[in-house]
J.: 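Sharing a structure here in structure tokens format.
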Amino acid sequence: MRPGCHPNGQEGRNSLRRYLTTFIMNRKENPIMAENIAELNEIEVQPANDAELELAKMRHSAAHVMAEAVLDMFPNAKFAIGPAIEDGFYYDFDLPRSLTPEDLEQVEARMRNHIKKAEVFTRNEVSREEALETFKDQPYKVELIKELPEDETISTYQQGEFLDLCRGPHVDDTSKVGAVKLLSVAGAYWRGDEHRPMLQRIYGTAWNTKQELAEHLERREEALRRDHRRLGRELDLFSTNEMIGAGLILWHPKGAMVRNLIERFETDEHLKRGYDLVYTPHIASEETYKQSGHLETYAENMYSPMDIEGSPYYLKPMNCPAHIMIYNSTIRSYRDLPIRYAELGTVYRYERSGTLHGMLRVRGFTQDDAHIFCRPDQMLDEAKAVIDLADYFAEVFGYRYEAYIATRPEKSIGSDENWVRAEATLKQAVSEMGIGFKIDEGGGAFYGPKIDIKFLDSLGREWTGPTIQVDFNLPERFDANYIGEDGQQHRVVMVHRTVLGSMERFVGGLVEHYGGAFPVWLAPVQAVVIPIADRHVEYADSVARRLKEAGIRVDVDSGSDRMQNKIRHAQLQKVPYMLVAGDREAEADAVAVRLRTNENLGAQPVSEFVEMVTGLVDSKSRELQ
RNA sequence: GCCGACGUAGCUCAGUUGGCAGAGCAGCUGUUUCGUAAACAGCAGGUCCGGGGUUCGAAUCCCCGCGUCGGCUCCA
């Protein structure tokens, strides 16, 4: 965490990438693990049960088989590490040339050969000296051996011609490796350090049966079909533009409608829950970020300053300094607290070009930001109230979620007393809300502990959700106080929190969660009226007028297409309702209601349809009837 | 930022050895007036990502830049 304010929550979107990110994070945070290099060459996943352990063992063995195949093709290959990961494995190689997709096919073909031969995995324990001698031509292995703890047993595994430094375990022989498919080649820094050599990493997936492999590949296909970048274009929600610039989102009318509906909902909800709305500028003077500490520790994420009559000003990367200024604009009494400032605050952060990703990782975005200023004794209730809000939003959007409490990192500021109290308070808040949580040991910001809530979407993928962070830093830096009952000045407690994160990221995630089929209350177009022939257009228009009066977002498809094609078109746009209007309907003041689920509800009086839809909208139902 | 791949019509893509810029869908126009996922015909649509170079000639080869994608790093 950086100093200053709450996180933007910009994690990779797919499970593999997220998994790896998490893995690397854990390495950094756990020096004992990080020292245990041998483990790097084995199984990175934390198996929950025996079956998962067996699967991970098989996948790790698959990595060895892949290395064997690569050795066939490149006798001088240098080998780095090849662990099992979620759904599969990878191995990093240093090769004389870049791998092509054709190479990948060849590696896979050779792997199948080795698997067919049932080569036995043979374990050998060797001394450090023997190991160094054996791997003297393998600089990465040598580095690993040298860093193994003194008392570590060093073992090697061999199958066929391939010998690797490895602690195991492995399957008995290569025939036990299941259905394998190589997925991609990518660059990866040796030991994740951008100052060290770039290796070539081959990712593969491996399953016990062909059937499971096929199912996994189908899940990948499904994720691809739901990709918000693809749906964003197909449903005309947003775009980016090379001229405008990378990482800057253009919200088209339909995407803007979805966003606006969410913003209205969330703003109303905040007002109901005692937040005050504020607006703050997009730029602020250098002084601001000197005092907040951003220029000390967050400068690399900030854009170069612009000159205003000789003074440098910065595009804001966070909203908190401005909010704290509003707090400090007058003397506060303990009676005024808590004060909750909410703002859909648009911030700009420099992200390196290679990290940009659709709407999920961008350079300009709008946070549903809020800062709560309270007394220490109010922290518990405030934290609980935020959790309650998060729980409500999760329910409305149909996410399950998991909570993590991130505790004090080694490098941190603030008194022990403050930390102990804040951590205890956050734990108590989560417990009292009846929510299970995991501890992210040492994962807190240096300026305070936090609660992270991860949303789990319809495909079981994790998304950064609400965060609640206690901040001991900014109130100090900006001398933010209140007058207590004792007439003395006291340091105010500041809590940063977002519930949705950023609108870009949240809507992007929501598109994938729903697969583009928004619930009725969020659908940019809720219904399309489909006149069967030209003579029905007038009636269709009159239906549309009545629906619009009732607040329903409706289009009339009065083109010359046949009804079938109009239905197809509305269906592909994932419009919830297709209202067919022909002679029979015009006669009966009705519409024939077809759902995007292909269900046909038959003819309904227009008034009945309006009632049904407004009911579903008011309740924010995810059902269509 | 780094490694690799890619960039041709709104979208998906083809384009041979360097020799006239192509298809399907979408769009527009006309015909058709149809009962639950694609009527028929015609027309129009191009800075072949941008800039520079090689060449008689560049979408094609070379260099630089921009963007996108898969990862790494970063972010959390």
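Naming: A, B, ... by sequence-line order, numbering from 1 per chain.
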J.: Would you mind classifying the nucleic acid contact of S560(A) as base, sugar-phosphate or nothing, using non-hydrogen atoms under 4.0 angstrom?
T.: base

J.: Compare the minimum distances between each of rG4(B), rU36(B), rA37(B) and the side chain of V580(A), then state the nucleotide with the smallest one.
T.: rU36(B)

J.: Could a donor-acceptor pair under 3.5 angstrom be found where the side chain of Y90(A) meets the base of rG71(B)?
T.: no

J.: Can you establish whether the number of heavy atoms outside E218(A) located under 6.0 Å from its atom CD is more than 12?
T.: yes

J.: If we take the P atom in both rG70(B) and rC62(B), what is their distance in whole Å?
T.: 26 Å

J.: Name the nucleic acid region contacted by A533(A), choosing base, sugar-phosphate or nothing; use a 4.0 angstrom heavy-atom cut-off, strictly under.
T.: base

J.: Could you check which of rG4(B), rG35(B), rG70(B) has an atom nearest any side-chain atom of E585(A)?
T.: rG35(B)

J.: I want to check one thing: is the phosphate of rA39(B), taken as OP1 and OP2, less than 4.0 Å away from some side-chain N or O of R562(A)?
T.: yes

J.: Between I567(A) and Q200(A), name the one whose nearest nucleotide on RNA chain B is closer to the 5' end.
T.: Q200(A)

J.: Could one point to a donor on the side chain of R229(A) or the base of rU68(B) with an acceptor on the other under 3.5 Å away?
T.: no

J.: Could you tell me which nucleotide pairs with rG24(B) by Watson-Crick or G-U wobble geometry, both distances under 3.5 Å, or answer none if nothing does?
T.: rC11(B)

J.: Does R349(A) make a side-chain donor-acceptor contact with the base of rC74(B), cut-off 3.5 Å?
T.: no

J.: In the strands shown, is rU16(B) matched to any nucleotide by a Watson-Crick or G-U wobble pair with both distances under 3.5 Å, and which?
T.: none

J.: Which residue, N565(A) or L99(A), contacts RNA chain B at a nucleotide closer to its 5' end, judged by nearest heavy atom?
T.: L99(A)

J.: Once you apply a heavy-atom cut-off of 4.0 Å, does N598(A) come out as touching a base, just sugar-phosphate, or nothing?
T.: base

J.: For a quick check of understanding: with a heavy-atom distance under 4.0 Å over all strands, which category does L572(A) fall into, base, sugar-phosphate or nothing?
T.: base

